[in-house]
Asker: 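Please find one structure pasted underneath; my questions will follow.
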Amino acid sequence: MSYATTPPTDVPARVETSWDALHAAIAGLTPEQLEAIRDTGGWSIKDHLAHVAAWEASLLALLTGGSRLAALDLREDEFDLDDFETINAALQQRSAQVPAAQVLAHAHASHEQLVAALAALGEQGLSRPYADFQPEATENRDRPVRDWVGGNTYEHYDEHRATIAALLEAAAR
């Protein structure tokens with residue numbers, strides 16, 4: 001997940017365009033396909049979608065002053081923002097137990113809340129420093145919170161959309 005400085009843009013539109021492309025990639029797939037088609041690491045398409053939704057929930061917590069740890073539903077020992085592999089492995093283990101329909105419902109609900117939060121903040125709000133949203137943060141305090149949006153939304157959707165497209169192409173052979 002990148003936290004590169006993101007230039008000012010119409011963030012909600014960029015988020016929606018990428019979200020729509022992600023969901024177009026899975027349109028027409030059955031719950032069984034969402035669960036059965038897997039990458040070499042064992043992640044199903046459903047797991048990829050649950051993963052994206054979890055990071056969206058984390059971003060929503062960041063933007064609303066909530067706990068990112070709680071939003072990800074992780075234990076303290078699983079939450080180290082310098083170790084995404086451990087976080088993502090824990091997220092995948094949890095999503096493996098959740099039916100595809102529930103993952104999709106959660107993803108849509110989480111996305112709607114996030115889009116509303118982004119729209120309410122506007123460009124001016126997204127330019128505010130991270131510490132305005134997470135006062136206890138010790139790192140990245142002065143960086144604009146916008147820098148976290150791309151890595152947890154449109155860049156993330158595009159990354160997983162490409163993975164899902166490759167999985168579907170391989171499954172079709």
Side-chain angles (χ1 to χ4, degrees), residues 1-4 6 14-64 66-115 117-118 134 137 139-140 145 147-173:
M1 193 171 313
S2 71
Y3 294 116
T6 304
R14 197 162 175 196
V15 167
E16 282 304 293
T17 298
S18 187
W19 172 263
D20 290 345
L22 173 63
H23 284 272
I26 63 163
L29 295 179
T30 66
E32 293 77 19
Q33 289 170 309
L34 292 172
E35 294 190 24
I37 299 171
R38 295 180 178 272
D39 62 24
T40 57
W43 283 45
S44 67
I45 292 174
K46 175 197 72 165
D47 294 335
H48 284 275
L49 298 172
H51 166 88
V52 166
W55 283 105
E56 269 193 333
S58 171
L59 177 61
L60 180 62
L62 185 164
L63 298 175
T64 58
S67 166
R68 296 184 77 191
L69 173 70
L72 290 168
D73 191 27
L74 296 175
R75 299 183 316 263
E76 279 286 333
D77 64 313
E78 296 170 321
F79 186 73
D80 177 358
L81 288 174
D82 291 324
D83 183 6
F84 289 116
E85 287 185 30
T86 298
I87 292 172
N88 291 337
L91 293 174
Q92 190 273 334
Q93 287 175 349
R94 284 174 179 71
S95 68
Q97 309 307 315
V98 181
Q102 190 175 337
V103 166
L104 289 172
H106 176 260
H108 286 287
S110 175
H111 183 72
E112 285 179 21
Q113 292 173 350
L114 178 61
V115 168
L118 290 170
Q134 299 287 312
E139 295 182 28
N140 300 306
V145 75
D147 290 357
W148 280 262
V149 175
N152 288 278
T153 60
Y154 52 87
E155 293 169 4
H156 205 204
Y157 309 153
D158 292 347
E159 174 189 346
H160 287 275
R161 180 177 42 81
T163 299
I164 290 167
L167 289 173
L168 291 173
E169 185 177 317
R173 289 187 212 142

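These figures come from a predicted structure and were not determined experimentally.
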Asker: Would you compute the distance between atom CZ of Arg14 and atom CG of Asp158 and round it to the nearest 0.5 angstrom?
Answerer: 8.5 Å
Asker: Going through the checks in order, is the side-chain contact (heavy atoms from CB on, under 4.5 Å) test met by Gln33 and Ile45?
Answerer: CA-CA 8 Å; Gln33 289 170 309; Ile45 292 174; over 6 Å; no
Asker: Using a 4.5 Å cut-off on heavy atoms from C-beta on, say whether the side chain of Thr86 contacts that of Asp77.
Answerer: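 Contact flag for Asp77/Thr86 side chains = no.
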Asker: Let me confirm one number: the NE2-CG distance from His156 to Leu22, rounded to the nearest 0.5 Å.
Answerer: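 Reported value, rounded in 0.5 Å steps: 10.0 Å.
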Asker: When you measure from the side chain of Glu35 to the backbone N and O of Ala100, does any donor-acceptor pair fall under 3.5 Å?
Answerer: yes
Asker: Name every donor-acceptor pair, under 3.5 Å, that has one atom in a side chain of residues 102-111 and the other anywhere in the protein, sequence neighbours excluded.
Answerer:
{"unit_1": "His111", "atom_1": "ND1", "unit_2": "Glu56", "atom_2": "OE2", "d": "2.7"}
{"unit_1": "His111", "atom_1": "ND1", "unit_2": "Tyr157", "atom_2": "OH", "d": "3.3"}
{"unit_1": "His111", "atom_1": "NE2", "unit_2": "Glu16", "atom_2": "OE2", "d": "2.5"}

Asker: Identify, with sequence neighbours excluded, every residue that meets salt bridge (Lys or Arg N to Asp or Glu O under 4.0 Å) alongside Glu78.
Answerer: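 With sequence neighbours excluded, Glu78 shows a salt bridge (Lys or Arg N to Asp or Glu O under 4.0 Å) to Arg75, Arg94, given in chain and number order.
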Asker: Partners of Ser67 by side chain to side chain contact (heavy atoms under 4.5 Å, CB included), sequence neighbours excluded?
Answerer: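 Expected list: Leu69, Ala70.
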Asker: Once side chain to side chain donor-acceptor pair (under 3.5 Å) is applied, do any residues pair with Gln134, and if so which ones, sequence neighbours excluded?
Answerer: none
Asker: What is the distance from atom CD1 of Ile26 to atom NZ of Lys46, rounded to the nearest 0.5 Å?
Answerer: 13.0 Å
Asker: So do the side chains of Leu59 and Leu63 get within less than 4.5 Å of each other, counting heavy atoms only?
Answerer: yes
Asker: Indicate the atoms forming the closest heavy-atom contact of Ala21 with Arg161, along with that distance.
Answerer: O-CD, 3.2 Å
Asker: Identify, with sequence neighbours excluded, every residue that meets salt bridge (Lys or Arg N to Asp or Glu O under 4.0 Å) alongside Asp83.
Answerer: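 Scan of Asp83 (salt bridge (Lys or Arg N to Asp or Glu O under 4.0 Å), adjacent residues dropped) gives none.
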Asker: Who passes side chain to side chain donor-acceptor pair (under 3.5 Å) against Glu32, sequence neighbours left out?
Answerer: Thr30
Asker: If you define the side chain from C-beta out and look only at heavy atoms, does anything of Trp55 sit under 4.5 Å from Leu91?
Answerer: yes
Asker: Using 0.5 Å steps for rounding, measure from the CG atom of Asn88 to the CG atom of Asp47.
Answerer: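 Interatomic distance, Asn88 CG to Asp47 CG, rounded to 0.5 Å: 11.5 Å.
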Asker: For Thr17 and Asp20, does a side-chain donor sit closer than 3.5 Å to a side-chain acceptor?
Answerer: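 Note: Thr17 and Asp20 side chains miss the donor-acceptor criterion.
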Asker: Show your reasoning for whether side-chain contact (heavy atoms from CB on, under 4.5 Å) applies to Leu168 and Leu29.
Answerer: CA-CA 10 Å; Leu168 291 173; Leu29 295 179; 3.9 Å; yes
Asker: Restricting to non-hydrogen atoms, name the atom on Leu72 and the atom on Ala54 that form the minimum distance, rounded to 0.1 Å.
Answerer: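 Looking at all heavy atoms of both residues, the shortest contact is CD2-O, 3.2 Å.
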Asker: Could you measure the distance from the OG atom of Ser18 to the NE2 atom of His160? Nearest 0.5 Å is fine.
Answerer: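 Taking OG in Ser18 and NE2 in His160, the distance rounds to 11.0 Å.
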Asker: Could you pull out all residues at least two apart from Glu169 that satisfy salt bridge (Lys or Arg N to Asp or Glu O under 4.0 Å)?
Answerer: Arg173
Asker: Using the side chain to side chain donor-acceptor pair (under 3.5 Å) criterion, which residues pair with Ser58? Sequence neighbours excluded.
Answerer: Arg68
Asker: Report yes if some heavy atom in the side chain of Asp147 is under 4.5 Å from a heavy atom in the side chain of Asn140; otherwise report no.
Answerer: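 Side chain of Asp147 against side chain of Asn140, heavy atoms only: no contact under 4.5 Å found.
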Asker: Go through the structure and list residues passing side chain to side chain donor-acceptor pair (under 3.5 Å) with Asp39, not counting sequence neighbours.
Answerer: His48
Asker: Once rounded to the nearest 0.5 Å, what's the spacing between atom CD1 of Ile164 and atom CH2 of Trp43?
Answerer: 10.5 Å
